[in-house]
Amino acid sequence: MALRQLLPFGLTLGLVILLWQRIEGLDVAYIYASLKTVSLSQWFGAAVFSTISFWALGRYDGVVHRLIGTGVSIKAAERSGITSIALSQTVGLGVVSSAFVRWRMLPDLSLIQAVRISAIVAVSFLSAWAVVAALIVLTVPMTTPWADWIAWLVLAVAGMFSALSVLRPSFMMALHIPPLKAMGAFLALALIDTAAAGIALWMVMPEGCDVALLPLIAAYLLALGAGLISSAPGGMGAFELTLLALLPTLEAEPLLAAILAFRTIYYAVPAVLAALVVIRGPNKRRLAAGPHEGAKLRPIKSAPTLPPHIAKTITDAPRAEAGLLRQGRLSLITSDQGVAAAMGASSGQSLLVLSDPLAQKLDHTSLLRSLKALANQSFLSPFLYKAGGRWAVAARHAGWQVLPIAREGWIDPTGFTLSGSDKRQLRRKLRQAETAGIEIREAGADLPLPQMQRIADNWCSLRGGERGFSMGQWHPDHLPHARVYLARQNHDVIGFLTLHENASEQALDLMRMCADAPDGTMHALLVFAIAQAGREGCTRLSLAAVPLEGQMDEPWLFHRARLKLDQITGAAGLRQFKTSFAPRWETLYAAAPSRIALALGALDVTREICRKAEAGVLSKHR
């Protein structure tokens with residue numbers, strides 16, 4: 001790390017030598033006389049705008065802490081950000097010096113976390129500065145002919161990263177691109193920060209140094225960039241040389257006097273104050289957020305045995321689909337009071353909330369407000385996926401956009417029969433399975449895992465891998481918590497079916513069979529499972545959801561996501577299969593606070609479901 005600083009130090013030395021050569025023939029007395037013409041009101045105005053600039057700089061840290069979920073209170077994060085930047089911009093060594101200050105001010109963080117935060121702040125600021133500078137260059141005529149080309153290139157790269165933030169292709173998964181709202185926050189803060197700093201410089205311009213505000217801000221932005229690239233303390237040398245070059249119509253002596261005044265009010269004074277704050281140390285009362293401050297997203301690690309409170313939440317949930325919490329992708333969302341409220345995951349631009357709330361007594365309107373606040377903490381938008389009717393009505397009353405997205409079929413096993421014209425196709429499939437000699441039985445504790453694994457592998461190879469998010473996934477560790485039914489032909493396992501089960505219902509999970517299994521194999525498996533559920537007194541067995549056909553007046557992006565879901569889930573075949581059981585159908589909905597959030601949420605869900613298909617099969621336990 002020390003060796004890496006040799007280049008910036010060498011560059012700084014060279015720039016200082018160039019600057020000295022430039023000012024060697026200048027009238028130092030004239031510089032001093034110009035500095036004396038800066039009035040008290042000018043100093044005060046510069047101090048006010050410097051304060052605004054540092055306020056924006058501190059907010060960078062608040063944004064970063066929210067993005068990575070450190071648990072540090074926003075006030076403490078902003079305070080550490082202002083302190084670290086005030087010192088690091090003066091002493092140099094950017095990321096290194098600011099990391100140590102943040103570590104001092106936030107002792108609950110490790111040094112590695114402090115370095116990570118410093119690096120993210122540095123990269124985000126440089127990126128936002130580049131966009132702001134490009135916009136200013138295109139707004140203010142510049143004497144440099146190639147400036148416009150560079151500005152357009154910067155904006156093109158920014159547009160590309162914005163598109164990648166939405167699309168998030170698989171090959172970019174290692175690159176953690178922030179959501180669009182966070183990008184917008186960084187850009188707005190950079191604009192406030194740099195504009196206020198530029199105005200502070202303009203405020204201390206001495207007599208005889210007249211320049212319009214916008215050209216000066218443009219020149220300041222470019223000089224700031226030159227200073228940042230040089231990595232010198234305060235951008236020394238590069239900053240001055242760039243300003244002198246970009247403002248050739250101004251006399252050098254008054255301009256240097258303004259720079260000296262600016263460095264005093266924007267660098268020296270904040271550095272002294274920050275040093276005193278660092279010596280004093282952190283304010284322990286402001287470090288951590290309150291223990292029950294708002295809703296929380298609590299990740300759940302996939303494991304054979306879950307913590308007792310998670311297992312009880314799954315058992316007591318209104319929908320057996322809560323068993324998806326065992327797969328490790330979904331997190332538990334707790335309410336403001338710390339009660340298990342829903343299951344969801346952060347993805348792309350959205351906080352995806354799957355299915356209905358995990359407790360019937362929860363107030364839906366209050367929970368929607370909590371979800372929106374929770375999503376906003378990470379610059380996301382809440383998106384309800386496969387929400388039931390009551391959940392969707394509450395969202396509509398709250399002003400959210402709601403669209404039907406799927407239909408869930410369900411059966412009362414205690415009253416299920418094979419009679420009726422609406423089950424004609426089902427009876428035909430069952431006869432085919434019977435003719436082929438298919439035997440169905442519920443699996444015991446001794447599961448034929450090698451045969452089941454081969455069937456699952458074959459299924460994955462034909463369909464490109466397991467699905468993700470809301471779709472069931474094959475994993476032997478999940479089988480002890482499911483109802484498992486096997487189909488055999490000539491004593492060989494040719495297919496299996498699993499059901500989620502809890503106190504309220506059973507729900508269809510996995511359907512896997514060999515590619516050459518006889519027609520009717522899966523129909524026979526499900527009929528046997530329904531009959532078994534009926535004998536045990538289960539009054540609701542869900543056949544799970546199938547995507548709904550396209551609807552009128554839905555956003556284009558939402559429509560494209562729906563078509564993609566149809567394709568990857570084999571929706572047409574699933575509709576035909578489930579319709580043969582003549583179930584009762586319940587419409588499920590998607591909901592989000594706006595139409596844009598609705599479309600982006602549908603895209604995020606589609607990508608989550610596809611992601612496992614692209615990544616391949618889960619690690620196998622043979």
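Along the sequence shown, the residues carry numbers beginning at 1.
Within the 4.5 Å cutoff, the side chain of Met513 has no heavy atoms near those of the Ile494 side chain. Here the side chains of Leu380 and Asn376 are not in contact, with every heavy-atom distance at 4.5 Å or above. In this structure the side chain of Ser162 reaches within 4.5 angstrom of the side chain of Met183, judged on heavy atoms. Side-chain contact check for Met511 versus Leu574: some heavy-atom pair is nearer than 4.5 Å. Considering only heavy atoms from C-beta on, Leu332 comes within 4.5 Å of Thr313 through its side chain. Looking only at side-chain heavy atoms (C-beta outward), Glu466 and His475 stay at 4.5 Å or farther from each other. Contact check for Leu486 versus Pro448: side-chain heavy atoms found under the 4.5 Å cut-off. Residues Gln506 and Cys538 form a side-chain contact, since some pair of their non-hydrogen atoms from C-beta on lies under 4.5 Å apart.
Among all heavy-atom pairs drawn from Val402 and Ala392, the shortest one is CG2-O, 3.8 Å. Across all non-hydrogen atoms, the minimal contact from Gly389 to Glu586 is N-OE2, 4.2 Å. Here the closest non-hydrogen pair linking Ala529 and Leu497 is CB-CD2, 4.2 Å.
Atoms OG1 and NE2, on Thr498 and His500 in that order, are 6.5 Å from each other to the nearest 0.5 Å. Taking SG of Cys514 as the reference point, atom CD1 of Ile455 lies at 4.0 Å (rounded to 0.5 Å). Separation of atoms CG (Leu67) and CD1 (Ile117) is listed at 11.0 Å; rounding is to 0.5 Å. For the atom pair CG (Leu325) and CD1 (Ile314), the distance works out to 5.0 Å, reported to the nearest 0.5 Å.
Side-chain contact check for Arg454 and Gln451: no donor-acceptor pair (N or O, by modelled atom type) lies under 3.5 Å. Residues Ser355 and Glu321 bring a donor and an acceptor atom of their side chains to less than 3.5 Å of each other.
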Contacts under 3.5 angstrom, residues 429-439 side chains, donor-acceptor by atom type, not counting sequence neighbours:
from: Thr435; atom 1: OG1; to: Arg431; atom 2: O; distance (Å): 2.9

Enumerate, atom names and distances included, each donor-acceptor pair closer than 3.5 Å involving a side-chain atom of residues 342-351, sequence neighbours excluded.
from: Ser347; atom 1: OG; to: Arg607; atom 2: NH2; distance (Å): 3.3
from: Ser347; atom 1: OG; to: Glu608; atom 2: OE2; distance (Å): 2.9
from: Gln349; atom 1: OE1; to: Leu180; atom 2: N; distance (Å): 2.7
from: Gln349; atom 1: NE2; to: Ser165; atom 2: O; distance (Å): 2.7
from: Gln349; atom 1: NE2; to: Ser165; atom 2: OG; distance (Å): 2.8
from: Ser350; atom 1: OG; to: Asp604; atom 2: OD2; distance (Å): 2.7

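Every side chain to side chain contact (heavy atoms under 4.5 Å, CB included) that Ala597 has, sequence neighbours left out, goes to Ser381, Ala592, Pro593, Ser594.
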After noting the C-alpha distance and the side-chain angles of Gln453 and Trp474, does the key distance pass the side chain to side chain donor-acceptor pair (under 3.5 Å) rule? CA-CA 8 Å; Gln453 183 73 65; Trp474 160 257; 3.3 Å; yes

Is there a side chain to side chain donor-acceptor pair (under 3.5 Å) between Gln532 and Arg535? Walk through the geometry before answering. CA-CA 5 Å; Gln532 181 67 19; Arg535 286 191 291 270; 2.6 Å; yes

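Judged as a ring pair (Phe, Tyr, Trp, His ring centres under 6.0 Å), the pairs with a partner in residues 362-411 (not counting sequence neighbours) are, in order, His364-Trp391. The stretch residues 573-600 participates, sequence neighbours left out, in these ring pair (Phe, Tyr, Trp, His ring centres under 6.0 Å) pairs: His523-Phe577, Phe577-Phe581. Applying the salt bridge (charged side-chain N to carboxylate O under 4.0 Å, His left out) definition to pairs two or more places apart or across chains, those involving residues 399-417 are Arg319-Glu408, Glu408-Arg540.
Comment: Asp316 engages Lys312 in a salt bridge, judged by a side-chain N to carboxylate O separation of less than 4.0 angstrom.
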